[in-house]
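Predicted model only: the values in this text are computed from it and were never measured.
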Amino acid sequence: MCVRPVEPENALPYFSNARQQLRNVIALLALAAAPASAAPLSVVDGEFRRDGVAYRGFGVNYYDAFLRTLRDGANTSYDAGFAALGARDIPFARLNLGGFYANDLQLYRDDKPEYFRRMDGVIASAESHGVDLVPSLFWNRFALPDLVGESGNAWGNATSQTRTLARQYATDVITRYKDSSAILMWEFGNEFNLAQDLPTQDANAGVNVAQGTPAQRTAADKISSDAVRAAIAEFAGIARSIDPGRATTTGHSVSRPAQFELRQSNTFVRDTAAEFRQITIDDHAAVDAISVHAYHHALLGNNRDQQTAASARFADAPNSGYTAVLAQLVAAADASGKSLFLGEFGVADTFDFPIPDDGNPSNDTEQRLRVLLDAYVAADVPMAALWVYDSNNAESTQLGFNVTATNSRSYQLDLLQEYNTRIVPEPTSLAAVILMIGLFRRPDRRALSRRI
């Protein structure tokens, strides 16, 4: 989020046959015996795995855990934040592991030791509190071009200063932390796909003169899907060469309702469900995991102020609800042999939306969040990250997204903890293993899983 389900009849049904039961007994026995380790998260047969065991978890976006100390070296408030996550067994946090504006990255160019001293503190804190990280290296697509004095389309030029600096930054960061027990997987950026192939460039997009950005954007700042894909492919190659076996992802949002047609004809003709699946697959060809930001309005293809509007997602299925779109994303992941990561989801105090897809909006944020989590459990989504935890971002606070361990939205952390215990069994004995059999199944395509 630059800031962005039918309830199953039985979310945790009993296993359907003895053979499946036996497979899951074996999996749970292996789970109970598996030692804790810093093994990388990988994708095998379309499934997140760690230490050979399937990985699942609901985490958070801790967007500015690094950004706050980058801007103020004396600010180590992230440590208390990680401590609170660890206390609730929240398994991972996605964060911006770079700057947002060009000025944020000046320290990297001028004083790398100090830049990495501040970053080291964040990584060490996450390690000490047992919180894994999904670091996003290039959150704002304008930061590097602005820093080197190039236009936004420089991401598509392999010899540009933008790509040269991105190459160096990715190499430095991944090399430094490839052995960290906290790094879960490497993410390229944040929602680059929402900018690709647009007919025009918003003249004010990403503009903040005080932060070292141009006063106005131009047509040269437009970016194509080919450019985005090329930059991501290079990033994924760097990650694999330095840190082989660890999963990579894009950081993309769910695609625009016309993303396929924008690429084909540069028009806003709404995509079909098949085109939606195909553009999702193609945009993630170079990485291991499909990334989607799954806010209610975004999955329906609407703007944020259209939470209760009719779905605008598919040309051939105009009334598709949230769970129907989620099913298409699961199908895209299955078809491409990749795992699915919902890098952002959440409910705001300031927006209502139907529960689940029935046209009746609810202002009960806890109920809405439960419906989303139930939908992810039912759809067998392996990883999802709540937006947003302990954020200094004024917009997130104003919209009612910000969650801390002590504010009025702290119950959302409790819900994540509750649902993590539902999808992540922790058997301690053979008796516990047998007991778990009746509570968990992995529908269809995957074996019973756990978070390490």
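A donor-acceptor pair under 3.5 Å is absent between the side-chain atoms of Ser291 and the main chain of Thr249, judged by distance alone. Using modelled atom types, one side-chain atom of Ser320 and one backbone atom of Ala317 make a donor-acceptor pair closer than 3.5 Å. In this structure a side-chain-to-backbone donor-acceptor pair under 3.5 Å is missing from Ser151 to Asn153. Remark: side-chain polar atoms of Arg277 are not paired, donor with acceptor, to backbone N or O of Ala332 under 3.5 angstrom. At distances below 3.5 Å, at least one donor-acceptor pair connects side-chain atoms of Tyr322 with backbone N or O atoms of Ala294. Judged by distance alone, the side chain of Ser128 and the main-chain N or O of Ser125 form a donor-acceptor pair under 3.5 Å. Side-chain atoms of Gln259 come within 3.5 Å of backbone atoms of Asn193 as a donor-acceptor pair (strictly under, hydrogens ignored). Under a 3.5 Å cut-off, the side chain of Arg141 and the backbone N or O of Phe192 do not form any donor-acceptor pair. Checked by atom type and distance alone, the side chain of Asn420 pairs as donor or acceptor with a backbone atom of Leu416 at under 3.5 Å. Side-chain atoms of Arg246 come within 3.5 Å of backbone N or O of Ile183 as a donor-acceptor pair.
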Run the numbers on Ser136 and Glu187 for side-chain hydrogen bond (donor to acceptor under 3.5 Å, both in side chains), then give the verdict.
CA-CA 5 Å; Ser136 189; Glu187 182 176 281; 2.9 Å; yes
Check your understanding: When you look at Asp374 and Tyr419, which way does the side-chain contact (heavy atoms from CB on, under 4.5 Å) test go after all the steps?
Key -> CA-CA 9 Å; Asp374 284 339; Tyr419 276 78; 2.8 Å; yes
request  = Would you check, one step at a time, whether the test side-chain hydrogen bond (donor to acceptor under 3.5 Å, both in side chains) holds for Asn75 with Ser77?
outcome  = CA-CA 6 Å; Asn75 186 338; Ser77 57; 2.7 Å; yes
- Message: Assess the residue pair Asp202 and Arg217 against the criterion (salt bridge (Lys or Arg N to Asp or Glu O under 4.0 Å)); give the C-alpha distance rounded to whole Å, side-chain angles, the decisive distance to 0.1 Å, and a yes or no.
- Response: CA-CA 7 Å; Asp202 181 353; Arg217 300 296 178 189; over 6 Å; no
- Task: Evaluate side-chain contact (heavy atoms from CB on, under 4.5 Å) for Leu105 paired with Leu165, printing each intermediate quantity in order.
- Result: CA-CA 11 Å; Leu105 291 166; Leu165 185 58; over 6 Å; no
Check your understanding: Between Ser225 and Asp197, is a side-chain hydrogen bond (donor to acceptor under 3.5 Å, both in side chains) present by the stated rule, with each step listed?
Key -> CA-CA 6 Å; Ser225 50; Asp197 299 327; 2.7 Å; yes
- Message: Between Tyr389 and Leu413, is the side-chain contact (heavy atoms from CB on, under 4.5 Å) condition met? List the steps.
- Response: CA-CA 9 Å; Tyr389 172 68; Leu413 298 179; 3.8 Å; yes
Take Asp120 and Ile123, measure what side-chain contact (heavy atoms from CB on, under 4.5 Å) needs, and give me the verdict at the end. CA-CA 5 Å; Asp120 286 348; Ile123 304 300; 5.7 Å; no
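Under a cutoff of 6.0 Å and an axis angle of 45°, Arg304 and Tyr295 do not form a cation-pi pair. Judged by the 6.0 Å distance and 45° axis criteria, Arg94 is not positioned over the aromatic ring of Phe341.
Phe235 and Trp186 have their aromatic ring centers separated by at least 6.0 angstrom. Ring to ring, Phe276 and Phe314 are close: their centroids are under 6.0 angstrom apart. Between Phe401 and Phe351, a ring centre-to-centre spacing not shorter than 6.0 Å is recorded. The ring of Phe82 has its center no closer than 6.0 angstrom to the ring center of His129. Ring pair Tyr376/Phe345: centre-to-centre distance below 6.0 Å.
Atom CG of Asp414 and atom CD1 of Ile90 lie 8.5 Å apart (nearest 0.5 Å). Taking CG of Leu386 as the reference point, atom CG of Leu415 lies at 9.5 Å (rounded to 0.5 Å). Rounding to the nearest 0.5 angstrom, the gap separating the CD atom in Glu114 from the CZ atom in Arg117 is 4.0 Å. Separating the CG atom in Asn402 from the OG atom in Ser408 is a distance of 9.5 Å, to the nearest 0.5 Å. Summarising the geometry, atom CZ belonging to Arg256 is positioned 5.5 Å from atom CG belonging to Leu194; distances are rounded to the nearest 0.5 Å. Rounded to the nearest 0.5 angstrom, Leu133 CG and Ser181 OG are separated by 9.0 Å.
The two atoms that bring Ile232 and Val287 nearest to each other are CG2-CG1, 3.7 Å, heavy atoms only. The shortest heavy-atom contact between Arg270 and Glu275 is O-OE1, 4.4 Å. Counting all heavy atoms, side chain and backbone alike, Ala286 lies closest to Arg240 at O-NH2, 2.8 Å. Nearest heavy atom pair, residue Leu340 against residue Ala333, reads CB-CB, 4.2 Å. The heavy-atom pair separating Gly152 from Ile223 by the smallest distance is O-CD1, 4.0 Å. Gly301 approaches Ala312 most closely through the heavy-atom pair O-CB, 3.8 Å.
Looking at Glu127 and Ser180, their side chains come closer than 4.5 Å, going by heavy atoms from C-beta outward. Counting heavy atoms from C-beta outward, Phe66 and Asn96 have side chains that stay 4.5 Å or more apart. Residues Glu47 and Ser339 form no side-chain contact, since every pair of their non-hydrogen atoms from C-beta on lies 4.5 Å or further apart. A heavy-atom distance below 4.5 Å is found between the side chains of Pro354 and Thr308. A 4.5 Å side-chain heavy-atom check between Asp271 and Gln278 finds every atom pair outside the cut-off. Between Leu373 and Phe58, some side-chain heavy-atom pair lies under the 4.5 Å cut-off. Residues Asp146 and Pro214 form a side-chain contact, since some pair of their non-hydrogen atoms from C-beta on lies under 4.5 Å apart.
Checking Val43, Leu184, Asp288 one by one against Phe48, the side chain to side chain contact (heavy atoms under 4.5 Å, CB included) holds for a single residue, Val43. Each of Leu147, Asp172, Val173 was checked for a side chain to side chain contact (heavy atoms under 4.5 Å, CB included) with Tyr108, and the lone residue meeting it is Asp172.
Ring-plane geometry between Tyr177 and Phe116 is classed as tilted, the angle between the planes lying from 30 to 60 degrees on a 0 to 90 degree scale. Ring pair Phe92/Tyr55 is tilted by interplanar angle, where 30° to 60° counts as tilted.
Remark: Glu234 engages Arg163, Arg167 in a salt bridge (charged side-chain N to carboxylate O under 4.0 Å, His left out) (not counting sequence neighbours).
There is a side-chain donor-acceptor pair under 3.5 Å between Thr267 and Ser265. Side chain to side chain, Tyr62 and Asp390 meet the donor-acceptor criterion of an N or O pair below 3.5 Å.
With respect to the salt-bridge test (charged N to carboxylate O, under 4.0 angstrom), the residues Arg263 and Asp283 do not qualify. Ion pairing between a basic and an acidic side chain is recognised when a charged N comes within 4.0 Å of a carboxylate O; Arg56 and Asp380 show such pairing. Ionic pairing of Asp64 and Arg71 is not present here: no N-O contact between side-chain nitrogen and carboxylate oxygen is shorter than 4.0 angstrom.
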